[in-house]
Amino acid sequence: AQSVTQLDSQVPVFEEAPVELRCNYSSSVSVYLFWYVQYPNQGLQLLLKYLSGSTLVKGINGFEAEFNKSQTSFHLRKPSVHISDTAEYFCAVMRGSTLGRLYFGRGTQLTVWP
Amino acid sequence: DGGITQSPKYLFRKEGQNVTLSCEQNLNHDAMYWYRQDPGQGLRLIYYSQIVNDFQKGDIAEGYSVSREKKESFPLTVTSAQKNPTAFYLCASSGEGSNYGYTFGSGTRLTVV
């Protein structure tokens, strides 16, 4: 089975500061990578995804992520966070050989303080 | 607007009772999924279905059952055999046009009292 590691369970940060949420996955020949955001008592919303092509992917709400094949990482970044970015963020991986099955990390709670 | 509807949003159950969580989608997606979410454990796959009248166990299927009689519907039954059913349950779907992404419902919070 694919494994996904989100290295930080909680990330506190002040408003307007930059943030990086880290994600590593177990190696596979072909993977698709995703970041989702979840606000309290809601479902997950897709932030961005990497399927192929440019390794720098831009998503909604000013987030971006970079696919690094050699380090098997897909870290999420935002140059300046807002209080409204406070939420839980999930990294997910789909192996190219098992299309449709998403494997999720345990999540990172981002808390933005004023 | 197309989407996934989960109902009810909150559900209370007495120990020993079965309960069914509803999941309906109007996205014309072939695949549907049920996840369980517990604090600090991320999302764990319970069951999934890639086509009508077919479904497979996920990682934590014990104590749960599903059916997929219609493309639009994928109900989950939490049986009395599930030892720790209190959790947040999420339904998702994917299919042609979703470009491998999942669309999630808003979830059902089940509490056993």
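Per chain, numbering begins at 1; letters A, B, ... match sequence-line order. FYI, side chains are in, hydrogens and waters are out, and symmetry mates aren't considered; it's all heavy atoms of this structure.
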- Task: Measure up the B:Y64 and B:Y89 rings against each other and bin them: parallel (under 30°), tilted (30 to 60°), perpendicular (over 60°).
- Result: perpendicular
- Message: Report which part of B:L43 has an atom under 4.5 Å of a heavy atom belonging to chain A: side chain, backbone, both, or neither.
- Response: both
- Query: How far apart are the C-alpha atoms of B:D54 and B:R68, what are their side-chain angles, what is the distance that settles it, and do they pass the salt bridge (Lys or Arg N to Asp or Glu O under 4.0 Å) test?
  - Reply: CA-CA 7 Å; B:D54 188 39; B:R68 187 84 186 278; over 6 Å; no
- Do the side chains of A:L44 and B:M32 join up, straight or via other hydrophobic residues, at under 4.5 Å, putting them in one cluster? no
- Note on the structure: Scored by heavy-atom pairs under 4.5 Å with chain A, the best of B:Q6, B:R44, B:Q41 is B:Q41
- Among B:G105, B:A31, B:G40, the residue with the most heavy-atom pairs under 4.5 Å to chain A is B:G40
- Item | Neighbours of chain B found in residues 107-114 of chain A - heavy atoms under 4.5 Å | none
- Does A:R106 make a cation-pi contact with A:F104, if we ask for NZ or CZ under 6.0 Å from the ring centre and within 45° of the axis? no
Show me the donor-acceptor pairs within less than 3.5 Å that the side chains of residues 106-113 of chain B make with the rest of the protein, sequence neighbours left out.
unit_1, atom_1, unit_2, atom_2, d
B:T108, OG1, B:P8, O, 2.6
B:R109, NE, A:N41, OD1, 3.4
B:R109, NH2, A:N41, OD1, 3.0

- Task: Run the ring-centre check on A:Y89 versus A:F63 and record whether the distance is less than 6.0 Å.
- Result: yes
- Does the B:S67 side chain pair with the main chain of B:E69, one donor and one acceptor, at a distance under 3.5 Å? no
- Task: Against chain A, label B:I4 side chain, backbone, both or neither, depending on which of its atoms sit under 4.5 Å from a heavy atom there.
- Result: neither
- Query: Between A:R77 and A:E64, does at least one N-O distance fall below 4.0 Å, as a salt bridge requires?
  - Reply: no
